[in-house]
2 protein chains.
Amino acid sequence: MRISEQAKQDNRIRILEKAVDIFTTKGFDATTTRDIALAAGLATGTLFNYFPSKETLAMTMVTEAFRQGREDFQRRRTGDEDLAEELFLFIASGLRRLRPLRTFLGPVLERSLSPFPRKSVCQEGEAARQGHLNAVQGIIAGHGFAEAPDYVAMTMYWSLYLGILAFWANDTSPNQEETQALIDYATRMFVQIISGGGPGKGGADAE
Amino acid sequence: MRISEQAKQDNRIRILEKAVDIFTTKGFDATTTRDIALAAGLATGTLFNYFPSKETLAMTMVTEAFRQGREDFQRRRTGDEDLAEELFLFIASGLRRLRPLRTFLGPVLERSLSPFPRKSVCQEGEAARQGHLNAVQGIIAGHGFAEAPDYVAMTMYWSLYLGILAFWANDTSPNQEETQALIDYATRMFVQIISGGGPGKGGADAE
DNA sequence: GATAATATATGAGCGTGCTCATTTATTTGT
DNA sequence: ACAAATAAATGAGCACGCTCATATATTATC
């Protein structure tokens with residue numbers, strides 16, 4: 001059964017559109033792949049010709065949002081921001097594009113972006129993490145740091161970023177002001193660390 | 001079918017013992033509840049009389065390890081440690097007890113301790129998080145801080161702690177030295193933040 | 001000791017996400 | 001036109017975690 005390239009694209013897009021509708025209505029876990037296929041006018045198995053897993057289907061939306069977020073960031077930055085401001089802008093730009101998906105993204109991001117070891121890795125998630133981290137390294141490099149932050153620092157960055165995503169997924173305040181406060185705090189903190197303001201071998205000055 | 005309290009305890013313990021064996025051999029996800037029940041000499045359904053879910057079964061082991069870790073911590077601390085050292089000791093004590101479970105804990109911790117919103121919360125996980133955070137607040141209070149760290153600070157603490165757990169689950173170096181380095185870094189950093197060394201409204205001194 | 005009451009064990013069965021042998025529509029070859 | 005080749009659609013079916021009506025073994029009552 002051959003099909004035109006156009007029809008294939010149509011199917012793909014219809015799946016994505018219907019999926020976002022049902023995810024939004026019933027949540028990610030409560031939505032079955034049968035639901036989505038039915039709504040798109042396809043058999044269950046056909047859906048998996050287009051997306052290898054339910055997780056990948058959802059992450060496709062996330063990846064696209066991230067891409068748009070990066071574009072927005074490039075458009076919005078003036079070049080006058082300091083490093084913390086630029087990181088804030090970068091993260092906020094991503095969340096802005098993710099916003100329409102917010103109500104159901106929790107389980108998706110948790111599974112796909114988690115740093116915990118996984119046997120079956122979701123390719124989209126891997127790519128999203130690498131893309132994000134590379135962009136961050138680029139931003140840092142643009143501020144004249146001699147050497148890129150080490151592995152430990154980037155590990156902590158990703159932990160903080162995931163914390164922000166989790167908080168954001170829960171934040172129901174009108175403009176997610178609390179999330180903004182958290183981003184502000186975390187980015188400033190991270191900058192301080194990689195600026196060498198972080199703790200040396202010496203003591204932490206408690207109290 | 002009544003059963004003696006002894007027989008019930010025996011069943012429970014046999015389930016836990018067999019489960020840890022099979023989890024270790026095949027991993028958490030690849031182990032089926034049917035496997036465990038069979039190994040324990042019970043029917044599939046019977047297992048769920050003892051543990052409401054596979055996740056809870058695994059988290060029961062984690063909770064017990066955490067409890068022992070807290071005991072170890074109380075025994076090992078001298079009272080002379082500064083805050084960062086004490087937090088390091090607390091976290092390391094927990095990981096030490098978790099060590100025998102390390103090879104299969106990734107997926108368990110990821111799902112149960114994640115800060116992402118969940119519809120079906122695992123009670124054990126909730127309790128473990130609260131227990132850990134309360135202990136941390138207690139340690140901080142013991143170092144003469146006027147007021148407990150705010151919500152944002154504790155959110156970041158939990159993010160960093162999850163990052164440590166994820167790193168640890170991957171760390172195959174003999175004594176997990178890299179994890180130790182990460183804990184050292186993260187605890188010092190956290191102390192700096194709650195010590196007011198964290199960023200104020202003002203600028204982060206980038207570059 | 002027989003009967004009733006009760007607590008636990010049991011495994012068929014449900015709804016998942018996903019697979020795969022088969023069917024069906026389209027294109028290519030003659 | 002017809003046949004052969006091919007790519008996508010299909011839905012029965014699998015293994016999973018988990019549920020629940022039923023069977024069964026123990027205890028209480030007389």
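Order of the sequence lines sets the chain letters (A, B, ...), proteins ahead of strands, with each chain counted from 1.
For dT8(C), the OP1/OP2 oxygens have no side-chain nitrogen or oxygen of Y50(B) closer than 4.0 Å. Applying the 4.0 Å criterion to OP1 and OP2 of dA9(D), one finds that N11(A) has a side-chain N or O inside that range. In this structure, T44(B) does not reach the dG11(C) phosphate: none of its side-chain N or O atoms is under 4.0 Å from OP1 or OP2. An OP1 or OP2 oxygen of dA9(D) is reached within less than 4.0 angstrom by a side-chain nitrogen or oxygen of N49(A).
Across dT8(C), dG17(D), dA8(D), the shortest atom-to-atom separation from the side chain of K8(A) is found for dA8(D). Distances from the side chain of F48(A) to the nucleotides dC18(C), dC18(D), dA9(D) place dC18(C) closest. Taking every side-chain heavy atom of R2(B) into account, dT27(D) is the closest of dC18(C), dG17(D), dT27(D). Of the listed nucleotides (dT10(C), dG17(D), dT10(D)), dT10(C) has the atom at the smallest distance from the side chain of A43(B). Here the side chain of K54(A) is nearest to one of dC18(C), dA9(D), dG17(D), namely dC18(C). Residue T46(A) has its side chain nearest to dT10(D) when only dT10(D), dA8(D), dA9(C) are considered.
For a distance-only test at 3.5 Å, the side chain of R34(A) fails to qualify as a donor-acceptor partner of the base of dG15(C).
For the pair F28(B) and L42(A), nearest-nucleotide mapping onto DNA chain D gives the more 5' position to L42(A).
We find that CG of L47(B) is positioned 14 Å from P of dG11(C), with the value rounded to whole Å. The CD-C1' distance, from E5(A) to dT26(C), rounds to 14 Å in whole Å. We find that CD of Q6(B) is positioned 15 Å from P of dT26(D), with the value rounded to whole Å. To the nearest angstrom, C1' of dG17(C) lies 13 Å from CG of D29(B). Atom CZ in F51(B) sits about 18 Å away from atom C1' in dT19(D), given to the nearest Å. The distance from atom CD of Q9(B) to atom P of dT8(C) is 12 Å, rounded to the nearest whole Å. A straight line from CZ of R14(A) to C1' of dA8(D) spans 14 Å, rounded to a whole angstrom. One can place CG of L38(A) at 13 Å from P of dT16(C), the figure rounded to the nearest angstrom.
Within 4.0 Å of T31(A), counting heavy atoms only, lie sugar-phosphate atoms of the nucleic acid but no base atom.
Taking the ring centre of F28(B) as origin, the terminal cationic atom of K54(B) falls inside the region bounded by 6.0 Å and 45° from the ring axis.
Taking the six-membered ring for Trp and the full ring otherwise, the centers of F90(A) and F73(A) sit less than 6.0 Å from each other.
For the pair E17(A) and R14(A), the salt-bridge criterion is not met [side-chain N within less than 4.0 Å of a carboxylate O]. A salt bridge does not link D21(B) to K18(B): none of the charged nitrogens lies less than 4.0 Å from a carboxylate oxygen.
Of the N and O atoms on the side chains of Q9(B) and E5(B), not one donor lies less than 3.5 Å from an acceptor on the other residue.
Closest approach of R129(A) to S114(A), counting heavy atoms only: NH1-O, 3.7 Å.
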